[in-house]
Amino acid sequence: MESRCYSQIFNLTLNNFTIKVVTWIINSMKLSPNGKNIGKKIKHLKHKTFKTTDDYSKPKYYALDMFPYPSGTGLHVGHPEGYTATDIVSRYKRMKGFNVLHPMGWDAFGLPAEQYAIQTGTHPAVTTRENCDNFRRQIKALGLSYDWDREINTTDPKYFKWTQWIFSKLYNTWFDKELEKGRPVDELPIPDEIKENGVKAIRDYVDGKRLAYYDNAQVWWCNHCKIVCSNEEVLTDGNHEKCGSQVVRKNLKQWLLRIPHYAERLLEGLDGLDWPAGVKDMQKNWIGKSTGAEVDFQIDGLTEKLRVYTTRPDTLFGATYMVIAPEHELVDSITLEERKDEVKAYIKAAALKSDLDRTDLAKGKTGVFTGRYAINPVNGEKVPIWVADYVLMGYGTGAIMAVPAHDTRDFEFAETFGIPIICILDPGDAAHEERDLVLAGKKCWTGDGKYVNSASAKTGLSINGLNKQAGIKTVISWLEEKGLGNASVNYKMRDWLFSRQRYWGEPFPVIHWEDGEVSILDEKELPLQLPELEEYTPGDSGDSPLANATDWVNVVDKNGRKGHRETNTMPQWAGSCWYYLRYIDPTNDERIFDPEKEKYWMPVDLYIGGAEHAVLHLLYSRFWHKVLFDLGIVSTNEPYQKLFNQGMILAFAYETSTGAKVASDLVEEKEGKFFHRETGEELKQIVAKMSKSLKNVINPDDVIKVYGADSLRLYEMFMGPLDERKPWAETGVKGVFNFLNRAYRFFANPTNIVEGEEDKEVAKLLHQTIKKVGSDIENLKFNTAISALMVFNNLAVRKGKITRQTAGIFAKLLSPFAPHLGEELWSLYGKSKTLAYEPWPEVDENLLQESTFEYPVSFNGKMRFKLELPLDIARDEIEKIIIAHENAQKWLDGKAPKKVIFVPKKIINIVI
RNA sequence: GCCCGGAUGGCGGAAUUGGUAGACGCGCUGGAUUCAAAAUCCAGUUCUGGCAACAGAGUGUGGGUUCGAUUCCCACUCCGGGUACCA
C-alpha cells in the first residue's frame with residue numbers, strides 16, 4: 001500500500017510546483033525522525049528489538065562505548081561519532097549471527113552538577129536526572145541499537161553499592177610480590193617480630209600492605225573550586241584543568257591506592273591487547289619502567305651508607321659528586337656543622353617553592369654543598385655530597401651519583417657550580433666533530449662508545465674498551481659480587497590519590513573510630529547513601545561538604561565506642577573503572593554480577609572512545625580488573641581486548657591576517673573566499689576546536705531536524721578515517737543526505753524493482769560491494785564502506801532496473817549505517833519483521849572471478865596505454881604482443897626493449 | 001628536550017604485500033528540465049600549455065634504493081597529541 005502511494009507520487013509528471021514540493025517534503029520526512037524514522041524507532045523500543053538475552057548457544061560480541069558524563073549542554077557531535085561506529089559493528093555482528101551486548105549508561109557523578117548545586121541549591125541528583133533524560137532522548141534519536149534495559153547510572157545507589165563493595169575488596173587485599181598477585185589480607189603472613197608488639201603493631205603492618213590506605217598526602221588544592229585535584233588534573237603550567245586557576249599545595253588525610261604494585265602486570269598485559277600502539281606507548285611511558293642498579297656509597301666519617309639508584313652503573317668511574325634530595329632522611333647527619341645554616345636555608349627555600357618552580361627546566365639548577373664526602377666504591381675516591389632540588393625524594397632512593405660527562409642534568413649542574421667533568425666514555429668516530437669536546441669534558445655525551453679512564457688498581461675493576469651494554473652488565477655483576485649494590489627496577493607511576501573533598505561522589509564505606517581503628521562497612525550495610533544537605537559548599541580548610549552532615553557523620557557502635565564516617569568521596573574514575581562489568585548483569589541485587597554471565601560476555605571485544613582517556617581511565621580500570629581477577633571475581637586478565645580511539649570532530653574557523661579569530665556568524669563566503677561581514681577584510685579559513693566563542697558548535701539535534709538521523713550517522717562515518725581529527729562541513733552532510741534520497745528514490749520505486757536474473761555487471765558489483773562493506777566494517781573503515789555503497793547505488797540508478805533480490809541485499813548492506821532507511825526499504829519489500837537479525841549476505845566468489853585484466857602498459861615506469869589481456873597469458877607472449885601493438889611503436893621508436901616487466905594482474909612495464 | 005601521529009586537487013578524503021595517483025563526496029563549470037528559481041538528471045573538473053589529439057609537471061622539502069616509490073631508507077620542515085629534572 002505504502003509503496004504504491006509513493007510510486008504514484010513519483011510517476012506524476014505534473015509540472016506543478018506544489019506537487020513537487022509535497023514530494024520533496026514527504027521524501028525528507030521519510031528520512032528524518034519527524035516522519036517515518038521516529039515511527040520505526042518507537043516500534044523498536046516498544047518491541048525491544050535490541051534486548052539482549054544470555055543465549056550461550058551463540059557466539060558473543062561485546063561492543064562498548066565509553067559512557068558519557070551527562071552534561072547540561074547536551075550531546076555534541078563528537079558523541080555520535082564513536083557511538084555510531086560501535087552501532088554499525090553491533091548491527092553487522094547481529095546479522096552475522098552473534099549475540100551482541102551493546103549497552104549505554106551514564107558516568108553521572110561529577111563536578112558540574114555539584115557546582116550548580118552550590119550556586120542554586122538544586123540537589124545534584126535532580127540536575128543529574130534531567131541531564132540523563134536529555135542525553136537519553138538525544139541518543140535515542142540517533143537510532144542506536146542499545147539494549148536500554150541494561151542502562152546503568154553510576155549515581156544510582158544500586159550501582160554504587162558495588163563500587164563501594166569493590167573499594168572494600170581493594171582495602172582488604174595485599175599484593176604478594178613473590179606470586180605477583182593480589183591476595184586477601186587475611187592470608188597475609190605476619191612476621192613474629194610484629195606479632196610480639198601487639199594489636200596496634202599488627203594493624204599498622206597490615207595497613208601498610210593494603211591496596212587502599214589512608215595517609216597524609218601532599219595534594220594540589222584549587223582555591224577556586226575548593227577541591228583537591230589529582231596530579232593528573234593539574235596542567236603543566238600549574239593550573240587546574242577544570243577552572244584554569246592556579247593550584248597550591250596542601251597536606252590532607254587522603255585515601256590512596258597502591259597501583260604501582262601492579263606496575264609490572266599492567267605493563268606486561270599490554271602485549272596481548274589489540275590497542276592502538278600510541279595508547280600502549282602512553283601507558284608504558286606513564287608506568288615508566290627503568291632498569292639499573294642500586295649502589296651503596298660509604299659516607300666519609302659516618303657509619304651510614306648512602307644508597308643511590310642509577311640506570312648507568314657503568315659510569316661510576318665518572319662520578320664527580322653526589323646529590324641528595326632536600327627531603328632525604330640523611331641530610332641532617334651528612335651536613336657538617338659549619339654548613340648547617342646554609343643547607344637549612346636551602347631546604348627551607350626548596351620546601352616553599354612550588355613543584356612548578358622546582359621542576360621548571362628553564363630556571364636552571366640550584367644546590368648547596370654539605371661539606372661531606374662519600375667514597376666511590378669502584379675506585380675509593382672521595383666525591384662531595386650536595387643537596388639539590390633537582391633530585392626528587394619520590395623516585396629511586398632520593399639520592400644520586402652525578403656523572404656530569406654523561407648525564408645532561410648533572411652536566412648542567414656541574415657547569416653551574418664548577419664541579420669537575422670527567423669523560424669516561426669515548427664516543428668514537430660516531431661523533432666526529434663532538435668527540436674532542438666530549439673527551440675534554442666540555443660536552444655531555446649520553447650515547448654509546450668505548451670506556452676510557454674506567455679502571456682501578458685498588459679495586460681491580462676495569463671496563464676500559466667495553467661498550468655501554470657490556471659495561472653496565474660487568475659493573476652490576478661486580479657490585480653484586482662485592483655486596484656493594486644490586487640490579488634494580490624502578491617505576492615512575494605513583495600511588496593513586498583516591499579521595500575528593502566533594503559531595504557528589506560515592507561515599508567511602510568507612511568509619512574512623514576514636515581508638516584509631518578503621519572499619520569497612522559489611523556488604524549487608526551497602527550501599528552507604530549520601531545524606532541530604534542544605535549547603536554544598538566545601539570548607540576552606542579542605543573539609544568535604546559531607547562534614548556538615550553531623551547526623552550522618554557521627555556514629556556509635558553497640559559498645560558505645562564513638563566514630564565518624566569518612567567525609568571524602570571517591571573520584572569520578574571510580575564508577576567508570578568497572579561499569580563494563582555491571583552491564584553484564586545490571587539488575588542483580590544479590591551479587592555484583594552472575595559469574596556465569598561474566599564468563600560468557602567478557603572480555604569486551606570492542607571498546608571505542610576518545611583518546612583523552614588513553615592513560616588514566618584505561619589504566620585505572622585495568623588495575624581494578626586485575627585485582628578482581630586475582631581475587632577470582634572476574635575470569636579475564638584484561639578487560640578490553642580491542643580498543644579504538646575516534647578522532648575529534650573539529651570545525652572550520654576564520655582568522656584575520658593578524659591571526660585574530662572571527663566568530664562564524666561574522667563571516668560570509670563569496671566565490672570560495674571568506675570575508676568579514678562588517679569590515680570586508682578577507683579571512684583565512686582554519687580548522688579549530690568547536691567553541692562557543694567562535695560560534696561554530698554543531699548541535700546534533702539541529703542536524704537531525706534538518707537531515708534526519710541517518711544523514712548524521714552516515715556523514716560522521718563518511719568524513720574520513722574514524723581515528724583521525726576532521727573538520728565538520730555542512731555541505732558534507734548534504735552530500736550524504738543526497739545519497740540517501742537518491743537511494744530511496746530508486747530502491748523504493750516499485751517500477752525499478754523487477755523479477756528474474758540479475759544483470760551481470762550489477763551482480764558482479766553487488767558481490768564486490770558485499771565483500772568490501774563486510775571487510776571494511778571489520779576493519780572499522782566506514783568511510784570507504786559508505787563510498788562502496790554509493791558506487792553501487794550509482795550503477796543501479798544508471799541501469800534503471802534491479803532485481804528484488806538485489807534490492808533486498810542492498811537494504812541489508814545499508815542498514816548498519818542508515819538503519820532507518822534500511823528498515824524502510826525492507827518493509828517496502830513486504831517484509832514484516834525487522835532486518836536487524838536477517839543473515840548478512842554471502843559473497844558469491846564465482847561472480848568475482850575474472851578471465852581478463854586490463855593491463856596498464858608503462859614505458860620506463862610511465863603509464864602510456866591500456867591493454868586487455870587474458871589472465872592465463874604466458875609471460876613470453878606478452879613481449880610479442882606489446883612489440884606488435886600499434887600504440888607501442890611511438891614509445892619503442894624502433895628500438896628493442898631492454899627488459900619487459902610483467903606482474904600478473906598488476907602491470908606491464910617496458911624498459912627501453 | 002623526549003615519545004607518538006600526520007602532511008595527497010579549490011575542500012573532506014581514496015589508493016591490496018612497492019605496480020594505472022586523485023575512488024567516493026563537496027564545490028565549481030557547462031547542458032537538460034522550468035516562465036523562473038529550488039530540486040532532479042546528464043557531461044566535465046590535479047596543475048601548466050594546446051581548439052584538440054597530446055605533451056610536460058605532480059602526493060610537505062632535499063637526497064637514495066628500484067624496471068617502477070604516496071608506499072621502503074636517510075636527512076630535514078611544518079602541524080597535532082602526550083610527557084617533562086624519574087637519575
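Chain identifiers are assigned alphabetically (A, B, ...) following the order of the sequence lines, protein sequences preceding nucleic acid strands; residue numbering begins at 1 within each chain.
- Residue Ile907(A) places its side chain closer to rU20(B) than to any other of rU20(B), rG27(B), rC85(B).
- One can place CG of Leu618(A) at 15 Å from P of rG82(B), the figure rounded to the nearest angstrom.
- In this structure, Phe413(A) and Tyr321(A) have parallel ring planes: the angle between them is below the 30° cut-off, well short of the 60° mark.
- Residue Arg742(A) places at least one side-chain N or O closer than 4.0 Å to OP1 or OP2 of rC41(B).
- Using a 4.0 Å heavy-atom criterion, one finds that Arg864(A) contacts the sugar-phosphate atoms exclusively.
- Annotated as syn: rG9(B), whose glycosidic dihedral is within 90° of 0.
- Regarding Phe413(A), its CZ atom lies at a distance of 18 Å from the P atom of rA87(B), rounded to whole Å.
- Judged by distance alone, the side chain of Asn490(A) and the main-chain N or O of Ser290(A) form no donor-acceptor pair under 3.5 Å.
- Heavy-atom contacts from other residues, nucleotides or ligands closer than 6.0 Å to NZ of Lys280(A) number more than 12.
- One can place CG of Leu714(A) at 12 Å from P of rG25(B), the figure rounded to the nearest angstrom.
- A donor-acceptor distance shorter than 3.5 angstrom exists from the side chain of Asp710(A) to the backbone of Leu821(A), with no hydrogens or angles considered.
- Listed pair Lys781(A) / rA15(B) meets the phosphate criterion, a side-chain N or O lying under 4.0 Å from OP1 or OP2.
- Between the CG atom of Leu619(A) and the P atom of rG82(B) there is a distance of 17 Å, rounded to whole Å.
- Within the 4.5 Å cutoff, no side-chain heavy atoms of Phe792(A) are placed close to those of Leu813(A).
- The distance from the CZ atom of Arg312(A) to the CG atom of Asp410(A) is 11.0 Å, given to the nearest 0.5 Å.
- The residue Val791(A) sits close only to the backbone: its heavy atoms come under 4.0 Å of sugar-phosphate atoms, none of a base.
- As rounded to whole Å, 14 Å separates atom P of rA14(B) from atom CE of Met790(A).
- Listed candidates were rU20(B), rG12(B), rA14(B). Nearest to the side chain of Pro721(A) is rA14(B).
- In terms of phosphate contacts, Arg725(A) brings no side-chain nitrogen or oxygen within less than 4.0 Å of OP1 or OP2 of rC79(B).
- For NZ of Lys801(A), the number of neighbouring non-hydrogen atoms (other residues, nucleotides, ligands) closer than 6.0 Å is greater than 12.
- Distance CZ (Phe817(A)) to P (rG25(B)): 16 Å, rounded to an integer number of Å.
- Remark: Asn909(A) is not in phosphate contact with rU20(B), judged by side-chain N or O atoms under 4.0 Å from OP1 or OP2.
- Closest to the side chain of Thr784(A), out of rA87(B), rA14(B), rG13(B), is rA14(B).
- Of the possible donor and acceptor atoms, none in the side chain of Asp407(A) sits under 3.5 Å from a partner among the backbone N and O of Val403(A).
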Could you summarise the pairing of RNA chain B as dot-bracket text, marking Watson-Crick and G-U pairs under 3.5 Å with ( ) or [ ] inside the strand and | across strands?
(((((((..(((......[....)))((((((.......))))))((((....))))..(((((..]....))))))))))))....
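- Atom-to-atom, CZ of Phe902(A) to P of rG18(B) comes out at 19 Å; the value is rounded to the nearest Å.
- As rounded to whole Å, 12 Å separates atom P of rA39(B) from atom CG of Asn741(A).
- Considering only side-chain atoms of Tyr390(A), the nucleotide from rC85(B), rG12(B), rA23(B) that sits closest is rC85(B).
- Aromatic ring pairs are classed by plane angle as parallel below 30°, tilted from 30° to 60° and perpendicular above 60°; the pair Trp728(A) and Tyr715(A) is perpendicular.
- Closest to the side chain of Met282(A), from the set rA87(B), rU83(B), rG82(B), is rG82(B).
- In the set rG12(B), rU83(B), rU40(B), the nucleotide with an atom closest to the side chain of Arg745(A) is rU40(B).
- For Lys899(A), taking side-chain heavy atoms from C-beta onward, the closest of the listed nucleotides rG12(B), rC3(B), rC67(B) is rC67(B).
- In this model, the phosphate group of rA14(B) is approached by a side-chain N or O of Asn783(A) to a distance below 4.0 Å at OP1 or OP2.
- Distances shown here put a side-chain N or O of Asn738(A) below 4.0 Å from the OP1 or OP2 atom of rU40(B).
- In this model, no side-chain donor or acceptor of Lys492(A) finds a partner on the base of rU83(B) within 3.5 Å.
- Side-chain atoms of Lys734(A) and base atoms of rC26(B) include no donor and acceptor less than 3.5 Å apart.
- Across all strands shown, Asn490(A) has no heavy atoms under 4.0 Å from either base or sugar-phosphate atoms.
- Close to rA87(B), at under 4.0 Å from its OP1 or OP2, lies a side-chain N or O of Ser290(A).
- Residue-level contact check: Lys862(A) touches the backbone only, with heavy atoms under 4.0 Å from sugar-phosphate atoms and none from bases.
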